[in-house]
**Student:** 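Okay, here's the structure, questions in a sec.
These figures come from a predicted structure and were not determined experimentally.
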Amino acid sequence: MTTAHSGTQSPTPSPLDLAADPAELTAALTDVESVSGNEGPLADAVEAALREHSHLEVHRDGDAVVARTQIGLPERVVLAGHLDTVPLPSADGARGTVPSSWTEHDDARVLYGRGATDMKGGVAVQLALAAELTRPNRDVTYVFYDHEEVDSAKSGLGRLYRNCPELLEADFAVLLEPTDGTVEGGCNGTLRFTIEPTGLAAHSGRAWRGENAIHKLADVLEVLAGYEPAAIEVEGLVYREGLNAIRISGGVAGNVIPDAARVEINYRFAPDKTLEEAQQHCRDLFPGHDLRFVDLSPAARPGLDRPAAAAFVAAVGQEPKPKYGWTDVARFSEHGVPAVNFGPGDALLAHTDDEHVTADAVRACHRALKSWLSAE
């Protein structure tokens, strides 16, 4: 399978063999460079492979592909994953590049390559299931979308919800982001805001003639330093919140009293709160300051009380955990579809120059989902 480096248009990839071992299919997908904005060749290959299967109804929207069974069963679930990756490593000799490579480590086959963990292993599992499950026990919608690794306004999943929301209607969703084979329910929400006090510039030798904007951040930093994040239980999972300064700036020269300062704060909040409630919580913490919100992403409830979710957890056979970071499960939850994260690979390896996944991890994920969707 031919590849190209980031910033160039990839040649047409070889056809994907959806009947192959899911681990080998992961390698084939990894060999197709698909840095955000260059998902087209991989989306073409995914669409072509899915259209070979008559039991699937296939739709294309930009570089997003949706395939659905239409058996007419009383329950429908979504399996979703993104096609894009972050840019290729710049370091010479990095193993997390394209094309992929296999190594043996502690008697395990390990696949290295950009996207092996985040998240072409999960996409390979989706494709394998889409091809082989001609009569699943629930109707299944398989979603392969673009632009996940960039600004949320470009999200292919968000575009699908705007252009054809009916394709995403379901009772439950599984996002195959890497979780090391553990069910991670829902996700924390995240928002960012700035506080930007103003002052009056003056020569530092005559400081009394000015008004120091940086000093006006003293009470803000005091609140942050003393803040004790909550641990909040939602549907049996305990989510840890966090409130932290992530950037701070101010000052123009060594002899000038600064007339402007800025601190940027990130709040990670549990799925017991709406976005509006999270914003109000922040306003309450900093009375007397104007908060300018620059990024807003809602939390997602795990939906573990749903029958499909309970059956899924039973099939996986592991105790669910909360998802502390933000993922696209929140987009499903926002539209009334409870969702969990479950996929092969260690999330801590995502975006690293050492990105890799084991063959056994991909196969185990495939077995668990197949068991869930095949059981009587």
Side-chain angles (χ1 to χ4, degrees), residues 1-11 13 22-43 45-46 63 81-126 144-152 154-156 175-182 184 187 190 246-247 266 323-328 341-365:
M1 183 168 291
T2 55
T3 61
H5 295 290
S6 179
T8 64
Q9 183 65 34
S10 295
E24 298 298 337
L25 182 54
T26 301
L29 293 169
T30 305
D31 287 345
V32 186
E33 183 265 293
S34 58
V35 173
S36 303
N38 195 32
E39 298 96 325
L42 183 55
V46 167
D63 285 331
H82 61 84
L83 299 175
D84 61 322
T85 74
V86 296
L88 304 185
S90 57
D92 292 339
R95 290 192 290 183
T97 56
V98 171
S100 63
S101 60
W102 286 102
T103 66
E104 297 286 334
H105 183 71
D106 291 337
D107 297 323
R109 290 192 76 212
V110 184
L111 177 71
Y112 286 86
R114 174 61 84 226
T117 301
D118 188 16
M119 56 172 293
K120 291 185 177 179
V123 170
V125 170
Q126 289 177 257
F144 308 87
Y145 60 98
D146 56 291
H147 285 90
E148 190 271 348
E149 299 288 7
V150 291
D151 190 294
S152 62
K154 296 181 179 180
S155 166
L175 184 65
L176 279 86
E177 288 277 5
T179 65
D180 231 359
T182 298
E184 294 182 342
C187 70
T190 181
I246 53 174
R247 294 187 186 90
N266 177 222
K323 184 71 171 180
Y324 297 130
W326 189 90
T327 72
D328 271 322
N341 305 274
F342 176 75
D346 184 349
L348 296 178
L349 295 172
H351 305 182
T352 69
D353 289 355
D354 200 32
E355 188 172 357
H356 59 272
V357 68
T358 67
D360 287 345
V362 175
R363 293 169 186 148
C365 178

**Student:** Got a second to check how far Y324's OH is from T190's OG1, nearest 0.5 Å?
**Tutor:** 15.5 Å
**Student:** Answer with yes or no whether the side chains of K120 and S34 bring together a donor and an acceptor at under 3.5 Å.
**Tutor:** yes
**Student:** Checking the side chain of E149 only, and the main-chain atoms of S36 only, is there a donor and an acceptor separated by less than 3.5 Å?
**Tutor:** no
**Student:** On a heavy-atom basis, which atom in T85 and which in G115 lie closest, and how many Å separate them?
**Tutor:** CG2-CA, 3.8 Å
**Student:** Heavy atoms only: give me the nearest A116-H356 pair and the separation to one decimal.
**Tutor:** CB-CA, 4.2 Å
**Student:** Can you tell me if D118 and H351 form a side-chain donor-acceptor pair at under 3.5 Å?
**Tutor:** yes
**Student:** Checking the side chain of D84 only, and the main-chain atoms of V35 only, is there a donor and an acceptor separated by less than 3.5 Å?
**Tutor:** no
**Student:** Do E148 side-chain atoms and S155 backbone N/O form a donor-acceptor pair below 3.5 Å?
**Tutor:** no
**Student:** How far does SG of C365 sit from CG of D180, to the nearest 0.5 angstrom?
**Tutor:** 11.0 Å
**Student:** Do D360 and R363 sit within salt-bridge range, that is, some charged N less than 4.0 Å from a carboxylate O?
**Tutor:** yes
**Student:** Which pair of heavy atoms, one from L42 and one from L83, lies closest together, and at what distance?
**Tutor:** CD2-O, 3.8 Å
**Student:** For residues P22 and A124, report the shortest heavy-atom separation together with the two atoms involved.
**Tutor:** O-CB, 3.6 Å
**Student:** Between the side chain of E39 and the main-chain N/O of D63, is any donor-acceptor distance below 3.5 Å?
**Tutor:** no
**Student:** Compile the donor-acceptor pairs under 3.5 Å between side chains in residues 105-113 and protein atoms, sequence neighbours left out, one pair per line.
**Tutor:**
from	atom 1	to	atom 2	distance (Å)
R109	NH1	E24	OE2	2.8
Y112	OH	R95	NH2	3.1

**Student:** With a 3.5 Å distance limit and no angle check, can you tell me whether S100 reaches the backbone of T30 through a side-chain donor-acceptor pair?
**Tutor:** no
**Student:** Under the criterion side chain to side chain contact (heavy atoms under 4.5 Å, CB included), I'd like the reasoning laid out for M119 against L176: C-alpha separation, chi angles, the key distance, then a yes or no.
**Tutor:** CA-CA 7 Å; M119 56 172 293; L176 279 86; 3.6 Å; yes
**Student:** Quick one: CZ on F342 to CD on E184, what's the gap to the nearest 0.5 Å?
**Tutor:** 10.5 Å
**Student:** Can you find a heavy atom in the side chain of L88 that is under 4.5 Å from one in the side chain of R114?
**Tutor:** yes
**Student:** Closest approach of P344 and G121, non-hydrogen atoms and distance?
**Tutor:** CG-C, 3.7 Å
**Student:** In Å and rounded to the nearest 0.5 Å, what is the CG to CD distance from L348 to E355?
**Tutor:** 12.0 Å
**Student:** Measuring from N38:CG to E33:CD, what's the distance to the nearest 0.5 Å?
**Tutor:** 4.5 Å
**Student:** Minimum heavy-atom separation for Y145 and G156, please, with both atom names.
**Tutor:** CB-C, 4.1 Å
**Student:** Checking T179 against N341: is there a side-chain donor and acceptor pair closer than 3.5 Å?
**Tutor:** no
